[in-house]
Amino acid sequence: MMSQISEAEAVVMDVLWGEHPLGADEVVAALAGRGWAEPTIKTLLNRLLTKGAISASRDGRRYLYSPVLQRQAWVAEQSSGLLDKLFDGRVAPLVAHFSQRGQLSPQDIADLKALIEGLDHD
């Protein structure tokens, strides 16, 4: 399992999942609205490199960064950890939690019903 990716690192990963390869200057530009300083973003890129979540290839005098960690794998790891930590690894209590708090829209409920029906027919 890859080292944990912090929330800030996940923001950088999201940029690279959306488009790659990118140079550090392009990642900085993509994150301009966050108010992060360029050295902060470069530090996050270096941490991700060290963790093996991204790769760097030389392009003249700069490096181009690409994700190694796939978004789907990261989401699966995150969701599994959340379920294990908060709901003993079970999905039903998670859905019940959102239902009891009134946070399921009619569309959410319809989507869940369709998912369950799809499971029943497999």
For Trp17, run the side-chain contact (heavy atoms from CB on, under 4.5 Å) check against Gln70, Gln72, Arg71 and tell me which one passes. Arg71
Compare every heavy atom of [Y] with every heavy atom of [X], then report the nearest pair and how far apart it is.
X	Y	answer
Tyr65	Ala24	CE1-N, 3.9 Å
Val68	Ile54	CG2-C, 3.6 Å
Ala53	Met13	O-CE, 3.6 Å

Determine, stepwise, if the pair Val11 / Leu44 fulfils side chain to side chain contact (heavy atoms under 4.5 Å, CB included). CA-CA 10 Å; Val11 171; Leu44 292 169; over 6 Å; no
Between CZ on residue Phe98 and CG on residue Leu112, distance to nearest 0.5 Å: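 One finds 11.0 Å between CZ of Phe98 and CG of Leu112.
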Look only at the side chain of Glu26 and the backbone of Gly23, and say whether a donor-acceptor pair between them is shorter than 3.5 Å. yes
Do Asp108 side-chain atoms and Ser105 backbone N/O form a donor-acceptor pair below 3.5 Å?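 At least one qualifying donor-acceptor pair exists.
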May I have the step-by-step check of side chain to side chain contact (heavy atoms under 4.5 Å, CB included) for Leu22 and Leu64, ending in yes or no? CA-CA 5 Å; Leu22 292 177; Leu64 294 177; 5.9 Å; no
Answer whether the closest heavy-atom distance between the side chains of Glu9 and Lys51 falls below 4.5 Å. yes
Report yes if the side chains of Leu45 and Leu16 come closer than 4.5 Å at any heavy-atom pair, otherwise no. yes
Within a reach of under 6.0 Å around CZ of Arg101, are more than 12 heavy atoms found that belong to other residues, nucleotides or ligands? no
Tell me which pairs pass side-chain hydrogen bond (donor to acceptor under 3.5 Å, both in side chains) where either residue lies in residues 28-47, with sequence neighbours left out.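 Sorted pair list: Glu38-Lys42.
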